[in-house]
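Report on one structure; see the data block that follows.
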Amino acid sequence: MPPPIYLNNAATSFPKAPGLGEEVCAWTESVPYHFGRSGSPGIDPLRVCRERLAALFSSGDPTRLVLTKGATESLNIIFHGLPLDGQTVLSTAAEHNSVLRPLYLLKKKGKIDLCLVPCDIQGRVQREEWHRQVRERRPALAVLTHSSNVSGAVHPVEELFAQVHENGGITLLDASQTAGLLPIDVDRLGVDLLAFTGHKYLLGPPGTGGFYVRPGIELAPLFVGGSGVRSDLLEMPPEMPGRLEPGTPAVALFAGLALSLKWQEQNPFFASAMNDLLSRLESGLLEAGARVFRVDGERTPVLSFTLPNWDVADAGKVLQESFGIICRTGLHCAPLIHEWLGAIPGGTIRFSLSRFNVAEDIAMALDALHLLLHEDH
Amino acid sequence: MKIIEVRKVEDCFDGALRLEYRFDGEIAEPFMRRLATGSRLDYFPDFPKPFFKIFREDGLQIKGILGSFDIEAYFPRMQKEEIKRNFEAELLQLLETKPTAD
């Protein structure tokens, strides 16, 4: 059987940046100096990571970048660290469970008033409704995914966030699907807080991620513990980013992320470069008789669809185990958007491309889908 | 052939149960045919690895890929525990029985 064709990059990217595995291994096998704790020779991969991320997000001071094990941890630290008691939080039906579940938990505990703005049929938030809710409810925090992980639709962040600021709120962008894929300038987009993960389009290892905090915004630590500095204090020291990073960091993994970030700096690439492959895929799916959840305007290389007479889970199993096409099926951890897309109860089959996919991958995936749709049984 | 692991696949939206039964040997066509006795069988023999899905009268659905080591069983919400008990008893019996020449 030929090697698998990987079309599940919105879940986690594969392959990773060249040299990533060797870099992580090298750090795992090297003497574990504790950077910033006991003095050390050489380069601190955490510092390098922060500097490269600050450049990627045009966010200035690298100490405002907090490193975590992923977007979920980042979002939880942010939600629990902001003074949100009794405040309104605005978000959307397009969000991932990494946003929805922590917010539901805070709502259930009676700490916040949660308002979720519906989506349109392409998976973008309904702009008029967003504007109305911001005007009327004046949320303390607005949380928005940069792009849907189900439909690929990219949000007009600048416009939506500008109004939040005008009404006295702060903004949080979930860039899990777009960091490494779309240009992100936190000042231009009006982003006060930004959560990201390292293992998707940043091409880094799973277990890496982080968030950006605009100067002037203070978060109370969700986790506290050893910091390696100011050990005489009974509370976390005030300095960023250590204040929000207790415990021993995953140095080897962040060395891997630092390498990935450098590789991407040297090999710049944006989602638009995949438009041709995406168009081929979309036309082929429509031609084969699939129901495609089409998106106009700016998008990421994510395509959701269903196949007539096929349960999505069955189709996913066949594509993966019989044809070697690795994809994702179901709700994709974003349960609310499917109602607006018209994809309930089963969700969709999702293909998500990366810079490493080639035309032959698309052709083979389409061949497999033709066979699924036209095979007698 | 023996069952070596039973794993819950996911919580279904409607309260149903989905379990994966992993075996110490590959799923072959005679085993699939015996599993499908008296039930509707959707079978796709021309896929690179053939796919099958069995629909039982009691609502149980079983699917798998020939040549793989597991099958997936979907137990509907109503009476899922009873259907599961019956299926597992039947499966154990089937695994202990040698297939006939036909």
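A, B, ... follow the sequence lines: proteins, then strands. Residue 1 opens every chain.
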Practice problem: Mind checking side chain to side chain contact (heavy atoms under 4.5 Å, CB included) for Ser74(A) and listing every partner two or more places apart, or none if nothing turns up? | Solution: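 With neighbours one apart ignored, the set is Thr68(A), Ala195(A), Phe211(A).
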Heavy-atom count check: over 12 atoms from other residues, nucleotides or ligands less than 6.0 Å from [X] [atom1]?
{"X": "Arg291(A)", "atom1": "CZ", "result": "yes"}
{"X": "Met78(B)", "atom1": "CE", "result": "no"}
{"X": "Asp24(B)", "atom1": "CG", "result": "yes"}

Practice problem: Supply the atom-to-atom distance Asp314(A) CG to Phe52(B) CZ, rounded to the nearest 0.5 angstrom. | Solution: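 The distance works out to 11.5 Å.
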Exercise. Kindly write out the residues that satisfy ring-ring contact (aromatic ring centres under 6.0 Å, His included) with Trp340(A), not counting sequence neighbours, or none if the list is empty.
Key: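 Per chain and number, Trp340(A) pairs via ring-ring contact (aromatic ring centres under 6.0 Å, His included) with no residue.
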Quiz prompt | Least distance between heavy atoms, Lys49(B) atom then Glu321(A) atom | solution =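 Looks like CD-O, 3.4 Å.
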Quiz item: Can you name the closest pair of heavy atoms from Ser322(A) and Pro48(B) and give their distance?
Solution: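 Of all heavy-atom pairs spanning Ser322(A) and Pro48(B), the closest is O-CB, 3.1 Å.
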Self-check item: Inter- and intrachain pairs under ring pair (Phe, Tyr, Trp, His ring centres under 6.0 Å), touching residues 23-42 of chain B, at least two apart
Solution: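 Residue pairs with at least one partner in residues 23-42 of chain B: Phe23(B)-Phe31(B).
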Quiz item: Should Phe47(B) and Val318(A) be marked as a side chain to side chain contact (heavy atoms under 4.5 Å, CB included) after you check the CA-CA gap, both sets of side-chain angles, and the distance that decides it?
Solution: CA-CA 8 Å; Phe47(B) 289 172; Val318(A) 169; 3.5 Å; yes
Quiz item: Where along residues 55-66 of chain B does a heavy atom come under 4.5 Å of chain A, listed by residue number?
Solution: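 Checking residues 55-66 of chain B against chain A gives Lys63(B), Gly64(B), Ile65(B).
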Quiz item: Where does Ala368(A) contact chain B at under 4.5 Å (heavy atoms): side chain, backbone, both or neither?
Solution: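 The answer is neither part of Ala368(A).
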Quiz item: Which bit of Phe51(B) is near chain A, if near means a heavy-atom gap under 4.5 Å: side chain, backbone, both or neither?
Solution: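 Phe51(B) touches chain A through side-chain heavy atoms alone.
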